[in-house]
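So the structure is just underneath, and the comments pick up after that.
Everything numeric here is computed off the predicted structure, so don't read it as measured data.
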Amino acid sequence: MEFDELVAVAWEAREMAYAPYSKFAVGAALLSADGRIFRGCNVENLSYGLTQCAERTAICAAVAAGVRDFVMLAVVADTAVPISPCGACRQVMAEFGVPRVILANRASRLEFSLEELLPRSSAGILDRDE
């Protein structure tokens, strides 16, 4: 699958966002190793701490379907520069080993490795091999 295709699916997922408070809709599309795509969108809550980001929504959908081997994740929003995942999303990406992340707006896109977004993640905390 090409980056452009995955980004297009993320834009479609963004249309489903529930963002009545911030009015800031985000979409995500997660490509699994077996070729399936899992969509995610942000789902807000009046109690902001309960809000779910698009990235975590896509990862949770995949895990709920029994999938845990991923190729890349695309995240999109209507922003001046491509959106950047929050720390919680970066840590969940690390937990499930999402190796590549594409961040896009309507005009451009950036690609990062997980290591670039979250160096060393929590490997050292649990004394795991990197």
Mind checking whether [X] and [Y] have side chains closer than 4.5 Å, heavy atoms only?
{"X": "Asp78", "Y": "Trp11", "answer": "yes"}
{"X": "Met93", "Y": "Phe70", "answer": "no"}
{"X": "Ile83", "Y": "Phe24", "answer": "yes"}

Nearest-0.5 Å distance, [atom1] of residue [X] to [atom2] of residue [Y]:
{"X": "Glu95", "Y": "Arg68", "atom1": "CD", "atom2": "CZ", "result": "9.5 Å"}
{"X": "Phe3", "Y": "Leu31", "atom1": "CZ", "atom2": "CG", "result": "10.5 Å"}
{"X": "Phe96", "Y": "Cys60", "atom1": "CZ", "atom2": "SG", "result": "7.0 Å"}
{"X": "Leu73", "Y": "Glu55", "atom1": "CG", "atom2": "CD", "result": "6.5 Å"}
{"X": "Gln52", "Y": "Cys89", "atom1": "CD", "atom2": "SG", "result": "8.5 Å"}

Linking I/L/V/M/F/W/Y whenever any side-chain heavy atoms sit under 4.5 Å apart, do [X] and [Y] land together?
{"X": "Leu6", "Y": "Val98", "result": "no"}
{"X": "Leu50", "Y": "Tyr18", "result": "no"}
{"X": "Ile102", "Y": "Leu110", "result": "no"}
{"X": "Leu103", "Y": "Met72", "result": "no"}
{"X": "Val75", "Y": "Val63", "result": "yes"}

Using only atom types and a distance under 3.5 Å, with no angle test, would you say the side chain of [X] pairs donor to acceptor with the backbone of [Y]?
{"X": "Arg90", "Y": "Pro85", "result": "yes"}
{"X": "Glu44", "Y": "Tyr21", "result": "yes"}
{"X": "Thr51", "Y": "Asn45", "result": "yes"}
{"X": "Asn42", "Y": "Ala17", "result": "no"}

Walk me through whether Asp34 and Asp69 qualify under side-chain contact (heavy atoms from CB on, under 4.5 Å).
CA-CA 8 Å; Asp34 66 6; Asp69 191 11; over 6 Å; no

State, to 0.1 Å, how close [X] and [Y] come at their nearest heavy-atom pair, and which atoms those are.
{"X": "Gly40", "Y": "Ala13", "value": "O-CB, 3.4 Å"}
{"X": "Cys53", "Y": "Cys86", "value": "SG-SG, 3.9 Å"}
{"X": "Ile37", "Y": "Val9", "value": "CG2-CG1, 3.7 Å"}
{"X": "Pro99", "Y": "Val71", "value": "CG-O, 3.1 Å"}

Which is it for Arg109 and Asp4 under the side-chain contact (heavy atoms from CB on, under 4.5 Å) test, yes or no, and what are the steps along the way?
CA-CA 10 Å; Arg109 70 170 187 235; Asp4 291 337; 2.3 Å; yes

